[in-house]
Asker: 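Before anything else, here's the structure in question.
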Amino acid sequence: MPQLLRPQQALNKAMMEAVEFVHAEGWDASPTLFALVPTELVADQLASLEEEADSPLTLIVQEDMPEHIQPGSDELGDYLTRLVWPAEIDGLVLAQEIMFKDTADASTESARPARLFSGVLREEGIEQTLLQLRPTEEELAEAGPFAQDEIQLRGGPGVAPAVLGALRYSLDNEEIE
């Protein structure tokens, strides 16, 4: 039985699972959208797969996302806001590769590839954004043979508010009958 986590902790755990999933897929990937389903709704399927349900939320990869949609594009935002989710979906996580420029670091002149993970729960105000910078060739050479396996994340409030807004809007859409 999973331990009871507060909603923010449950989202954080789901976000880390999304990070690990996307990281295992490698770089240069299309955006990946996950629906967050209460684990209790899919516990029978998890048991049959011999997986341990240790999280209150289970990630379900949405495989019907059009492949031509580019990360960070208006088309992606438009796509997200047109989705309608059943009430059983507790939240969403979107992973996409972007170009990131650290405006807090004055020595950084150019943008570099990164992954942006944005997650929201239906519960008002519960959201999270994480950023994973793609290591440079120099960083990989310095760090050794397993450097690709290392995941370093940044996060903070107010990061990617438009993406979080699109995800939240998608959850708030009502089903058309």
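Not measured: the values here are computed from a predicted model. Just the heavy atoms: all of them, side chains too, but no hydrogens, waters or symmetry mates, feed the values below.
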Asker: Begin from the C-alpha positions of Leu76 and Val163 and carry the test side chain to side chain contact (heavy atoms under 4.5 Å, CB included) through to its verdict.
Answerer: CA-CA 9 Å; Leu76 176 58; Val163 177; over 6 Å; no
Asker: Under the ring pair (Phe, Tyr, Trp, His ring centres under 6.0 Å) rule, collect the residues that match up with Phe21, sequence neighbours excluded.
Answerer: Phe34
Asker: Taking atom CG of Leu36 and atom CZ of Arg122, what is their separation to the nearest 0.5 Å?
Answerer: 10.5 Å
Asker: Not counting sequence neighbours, which residues clear side chain to side chain contact (heavy atoms under 4.5 Å, CB included) with Asp28? List them please.
Answerer: Glu97, Arg134
Asker: Residues in side-chain hydrogen bond (donor to acceptor under 3.5 Å, both in side chains) with Arg112, at least two apart?
Answerer: Glu139
Asker: Quick one: CD on Gln132 to CZ on Arg154, what's the gap to the nearest 0.5 Å?
Answerer: 11.5 Å
Asker: Using residues 87-96 as the side-chain source, report each donor-acceptor pair under 3.5 Å to any protein atom, sequence neighbours left out, with the distance given to one decimal.
Answerer:
from  : atom 1 : to    : atom 2 : distance (Å)
Gln96 : OE1    : Gly72 : N      : 2.6

Asker: Between Leu171 and Leu121, is a side chain to side chain contact (heavy atoms under 4.5 Å, CB included) present by the stated rule, with each step listed?
Answerer: CA-CA 8 Å; Leu171 283 174; Leu121 294 182; over 6 Å; no
Asker: Could you give the distance from CG (Leu80) to CG (Leu33), rounded to the nearest 0.5 Å?
Answerer: 6.0 Å
Asker: To the nearest 0.5 Å, what is the distance between OG on Ser118 and CG on Leu131?
Answerer: 9.5 Å
Asker: Under a single-linkage definition using a 4.5 Å side-chain heavy-atom cutoff for Ile, Leu, Val, Met, Phe, Trp and Tyr, are Val159 and Phe100 assigned to the same hydrophobic cluster?
Answerer: yes
Asker: Examine Val84 and Tyr169 and state if one hydrophobic cluster contains both, with Ile, Leu, Val, Met, Phe, Trp and Tyr joined whenever side-chain heavy atoms are less than 4.5 Å apart.
Answerer: no
Asker: Using a 4.5 Å cut-off on heavy atoms from C-beta on, say whether the side chain of Lys101 contacts that of Ser110.
Answerer: no
Asker: Who are the side chain to side chain contact (heavy atoms under 4.5 Å, CB included) partners of Asp78, not counting sequence neighbours?
Answerer: Thr81, Arg82
Asker: Roughly how far, to the nearest 0.5 Å, is the CG atom of Asn173 from the CZ atom of Arg168?
Answerer: 13.0 Å
Asker: Show your working on side chain to side chain contact (heavy atoms under 4.5 Å, CB included) between Leu57 and Glu17 and close with a plain yes or no.
Answerer: CA-CA 10 Å; Leu57 297 171; Glu17 290 173 12; over 6 Å; no
Asker: Assigning hydrophobic clusters by single linkage (Ile, Leu, Val, Met, Phe, Trp, Tyr; side-chain heavy-atom cutoff under 4.5 Å), is Leu153 placed with Met99?
Answerer: no
Asker: My understanding is that only residues two or more places apart in sequence, or in another chain, count here; which of them pass side chain to side chain contact (heavy atoms under 4.5 Å, CB included) with Pro161?
Answerer: none
Asker: Can you tell me how far apart OG1 (Thr39) and CG (Leu59) are? Round to the nearest 0.5 Å.
Answerer: 9.0 Å
Asker: Take Arg115 and Val19, measure what side chain to side chain contact (heavy atoms under 4.5 Å, CB included) needs, and give me the verdict at the end.
Answerer: CA-CA 9 Å; Arg115 287 188 185 120; Val19 166; over 6 Å; no
Asker: Quick test of your reading: applying salt bridge (charged side-chain N to carboxylate O under 4.0 Å, His left out), list the pairs with at least one residue in residues 61-73, sequence neighbours left out, ordered by first then second residue.
Answerer: none
Asker: Mind checking side-chain hydrogen bond (donor to acceptor under 3.5 Å, both in side chains) for Gln62 and listing every partner two or more places apart, or none if nothing turns up?
Answerer: none
Asker: Return the set of residues passing side-chain hydrogen bond (donor to acceptor under 3.5 Å, both in side chains) with Ser170 (not counting sequence neighbours), or none when no residue passes.
Answerer: Trp85
Asker: Could you tell me whether the side chain of Pro31 reaches within less than 4.5 Å of the side chain of Met65, counting heavy atoms only?
Answerer: yes
Asker: State, to 0.1 Å, how close Trp27 and Ala114 come at their nearest heavy-atom pair, and which atoms those are.
Answerer: CZ3-C, 3.8 Å
Asker: Residues in side chain to side chain contact (heavy atoms under 4.5 Å, CB included) with Gln8, at least two apart?
Answerer: Leu11, Asn12, Ile126, Gln128
